[in-house]
Amino acid sequence: MSYSAPLKEMLFVLQDVAGVDEVASIPGFEDYGYDTAAAVLEESAKFCNEVVAPLNWDGDQNPSSLKDGVVTTTPGFKEAFKQFGEAGWQGVIHPTEFGGQGFPKVIATACSEMLHAANMSFALCPMLTDGAIEAMLTAASDELKQLYIPKMVSGEWTGTMNLTEPQAGSDLAAVRTRAEPQGDGTYKVFGTKIFITYGEHDMAENIIHLVLARCPGAPEGVKGISLFVVPKFLVNADGSLGERNDAHCVSIEHKLGIKASPTAVLQFGDHGGAIGYLVGEENRGLEYMFIMMNAARFAVGMQGIAIADRAYQKAVQYAKDRTQSKDLAGSDGPVAIIHHPDVKRMLMTMRAYTEGARAMAYVAAAASDQAHFSPDEATRQSNLAMYEYLVPIVKGFSTEMSVDVASLGVQVHGGMGFIEETGAAQFYRDARILPIYEGTTAIQANDLIGRKTYRDGGKVAKQIAQSIQATEAELSKSHTPAAKAMLKHLSAARVSFESVVDYVVANFKSDTKNVFAGSVAYLRLAGLLVSGWQMARALIVAEQKLADDSEFFSAKIATARFYAEYLLSQVPGVAASVLEGGIAVNSLTAEQF
């Protein structure tokens, strides 16, 4: 089966959980309320379902290839990307002054989810371009913005981020690529960058590389890194393409998944030096690149949600089609396996994880819109704090979840899930990179522990807990079994969360290694709780609107109850591992392993 965007679910979350109409009350966003969102998502779904999704299997079977320094993408990708750009999808979130659509992030996020679910390998190219545009909008000179951004927004050119080097993975202090000033405002860049997504391809006229490098005399470590625009083809003052720059692809990786997306090794400066242009000020490159990295981290979280939904859809269809064994309640013959309780358990786990993570991410996107565009300073600051707290959770939790969900998808298929031709294995392989790139789960968890929890004394985390308590008060007004179950487990999870936050704040300095031993567990706990909180809010709305659409809202209520009893119920145990498990993690010496 191909992909079918879950429009009804997405629009429900946008309207009743993320509050798209509240975003539309922000000056400048008046035209971007629910009705506009519905129209845009319908068109996005049509494009993703009909143009992009059919290329997903072909991309896995016929991945990008390299010959004589030229990367050729999967047949159909180039044509689909041209349609993508011409239809304006690359510019959905970007400013109108550069040719974009100027949509709020919360609507663009739903469009992004569809694109990644339809074909994650394809979607990586516009995702990295979005991040490059955002970094340049924030830090580049007006001249660089005017020269590069409109062509990137239109999809005529694409963008990359170049951080990693053979000796410098997550530790960017070890970056050795150098940039030598030429006295005319340009620099010559020399070095090797690895793992560069769409670092070379045939889908666009030009590729705009954002490259981290060191200038002569720069301080050691991350404080001495600068950021440069290094185009594949030099760009003339009138915007036309000039000669080929000294930036070349020397190889592409052979990967477990996302095979159609070319992951390049790029060599800068082997033939005299690649011409680069400084973005912002020298030695502030990592600061600027973090803008791109944060955008990418949120987007990777959306990839996790997208691939989870795709795996869920595939598993449901298979479970409806595959007949095996009699119904436990009694039947004359074999029934579709979707009637068996454990298959339902697996499908409900996949569904609940995906719906909870989607709601959390859309709420985070709406907070980002408020943080950047609300006319009220206090609203901006509170939403910025909320968004920044949620980014590592959206990235870390949603991507780890996607691997679990895709694995369950294989399990639902049974032995056929292990056979490539069924397609279930591709989602599992594609998902496996997500907890690794753009900062591993541990990096996200360390950020959550240090910058997002300890630094402010747990203030934002406690504010979230207070908001959850308000939802608990709303739940207590309902006496349905689902509401009671949710109230019980949400309350227990929130209390466990507060105890972990207190532990982190109290012991961060005095017992650092044991605190960090629980960082990933803390991130998982926070993800389970915040997603569960959104499921609780969705449940409240679903009970109020049940008569309007009984099939949809009864399913939402049942899924929320399942989330409470099967997923939120895990939080106290996860909390115990944080509070008590640090000593065990650190007990063995390196020699004892």
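Between Ser261 and Lys255 the shortest side-chain heavy-atom distance falls below 4.5 Å. Contact of the Glu165 side chain with the Lys193 side chain is registered, since non-hydrogen atoms from C-beta on lie closer than 4.5 Å. Under the 4.5 Å side-chain criterion, counting only non-hydrogen atoms from C-beta, Pro216 is in contact with Pro181. Counting only heavy atoms from C-beta outward, the side chains of Thr129 and Trp157 never approach each other to under 4.5 Å. The side-chain heavy atoms of Met302 and Met127, taken from C-beta on, include no pair separated by under 4.5 Å. Ile305 has its side chain out of reach of Met360: every pair of non-hydrogen atoms, C-beta onward, lies at least 4.5 Å apart. The shortest distance between side-chain heavy atoms of Ile133 and Met136 does not fall below 4.5 Å. Here the side chains of Gln303 and Ile307 are not in contact, with every heavy-atom distance at 4.5 Å or above.
Surrounding CD of Gln61 are more than 12 heavy atoms belonging to other residues, nucleotides or ligands, all under 6.0 Å away. Summarising the local packing, CD of Glu79 is surrounded by more than 12 heavy atoms from other residues, nucleotides or ligands at distances under 6.0 Å. Within a 6.0 Å radius of NE2 in His271, more than 12 heavy atoms belonging to other residues, nucleotides or ligands are found. Counted within 6.0 Å of CZ on Arg244, heavy atoms from surrounding residues, nucleotides or ligands total more than 12; the atom is thus considered enclosed.
Using a 4.0 Å cut-off between a side-chain N of Lys or Arg and a carboxylate O of Asp or Glu, Arg310 and Asp430 do not qualify as a salt bridge. In summary, Arg358 and Glu113 engage in a salt bridge, as defined by a charged side-chain N under 4.0 Å from a carboxylate O. Using a cut-off of 4.0 Å between Lys/Arg side-chain N and Asp/Glu carboxylate O, Glu420 and Arg429 are scored as salt-bridged. Lys151 has no carboxylate O lying under 4.0 Å from a charged side-chain N of Glu205, or vice versa, which leaves the two without a salt bridge.
Between Phe195 and Tyr437, the distance from one ring center to the other does not fall under 6.0 angstrom.
Listed for the Gln90 side chain is a donor-acceptor partner under 3.5 Å among the backbone atoms of Pro126. Distance alone, capped at 3.5 Å, places no donor-acceptor pair between the Ser112 side chain and the Ala108 backbone. A donor-acceptor pair is defined here as one N or O able to donate and one able to accept, closer than 3.5 Å; no such pair exists between the side chain of Thr74 and the backbone of Phe77. The closest donor-acceptor contact from the side chain of Gln313 to the backbone of Ser4 lies under 3.5 Å. At distances below 3.5 Å, at least one donor-acceptor pair connects side-chain atoms of Gln182 with backbone N or O atoms of Glu180. A donor-acceptor pair is defined here as one N or O able to donate and one able to accept, closer than 3.5 Å; such a pair exists between the side chain of Arg214 and the backbone of Val175. In this structure a side-chain-to-backbone donor-acceptor pair under 3.5 Å is present from Thr399 to Gly396.
With a 6.0 Å cutoff to the six-membered ring centre and a 45° limit on the axis angle, Lys105 does not count as a cation-pi contact of Tyr387. The cationic atom of Arg351 (NZ for Lys, CZ for Arg) does not lie both less than 6.0 Å from the six-membered ring centre of Tyr312 and within 45° of the ring axis.
Judged purely by distance below 3.5 Å, without hydrogens or angles, the side chains of Asp142 and Gln146 never pair a donor atom with an acceptor atom. Judged by distance alone, the side chains of Asn206 and Glu156 never bring a donor and an acceptor atom under 3.5 Å apart. Side-chain polar atoms of Asp202 and Thr73 form a donor-acceptor pair below 3.5 angstrom.
Ring-plane geometry between His201 and Tyr198 is classed as perpendicular, the angle between the planes exceeding 60 degrees on a 0 to 90 degree scale with a lower cut at 30. Phe373 and Phe29 have perpendicular rings, their planes meeting at more than 60° on a 0 to 90° scale where under 30° would count as parallel. Below 30°, between 30° and 60°, or above 60°: for Phe84 and Phe47 the angle between ring planes is between 30° and 60°, a tilted geometry. In this structure, Phe268 and His209 have perpendicular ring planes: the angle between them is above 60°, well past the 30° mark.
Note: Tyr34 OH to Leu41 CG = 9.5 Å, rounded to the nearest 0.5 Å. With rounding to the nearest 0.5 angstrom, the CD atom of Gln83 is 13.5 Å from the NZ atom of Lys78. From Ile443, atom CD1 reaches atom OG of Ser170 across 3.0 Å, with rounding to the nearest 0.5 Å. Between the CZ atom of Phe290 and the CG atom of Leu172 there is a distance of 7.0 Å, given to the nearest 0.5 Å. Here the CD atom belonging to Gln411 is positioned 10.5 Å from the OH atom belonging to Tyr428, to the nearest 0.5 angstrom. Between atom NE2 of residue His116 and atom CG of residue Asp309 there is a gap of 13.5 Å, rounded to the nearest 0.5 Å.
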Verdict with supporting geometry, Val403 and Leu434, side chain to side chain contact (heavy atoms under 4.5 Å, CB included): CA-CA 8 Å; Val403 177; Leu434 301 181; 5.8 Å; no

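Nearest heavy-atom pair, Asp246 versus Gly273, reported as atom, atom and distance to 0.1 Å: OD2-N, 3.0 Å. Scanning both residues, Ala5 and Ala45, for their nearest heavy atoms gives CB-CB, 3.7 Å. The two residues Ala53 and Tyr3 make their nearest non-hydrogen contact at CB-CB, 3.9 Å. Between Cys249 and Val71, the shortest heavy-atom distance links the atoms SG-CG2, 4.2 Å. For the pair Val230 and Gly276, the tightest heavy-atom approach, listed with the atom from each and the gap, is CG2-CA, 4.0 Å. Heavy atoms only, all atoms of each residue included: Ser2 and Pro54 are closest at OG-N, 4.3 Å.
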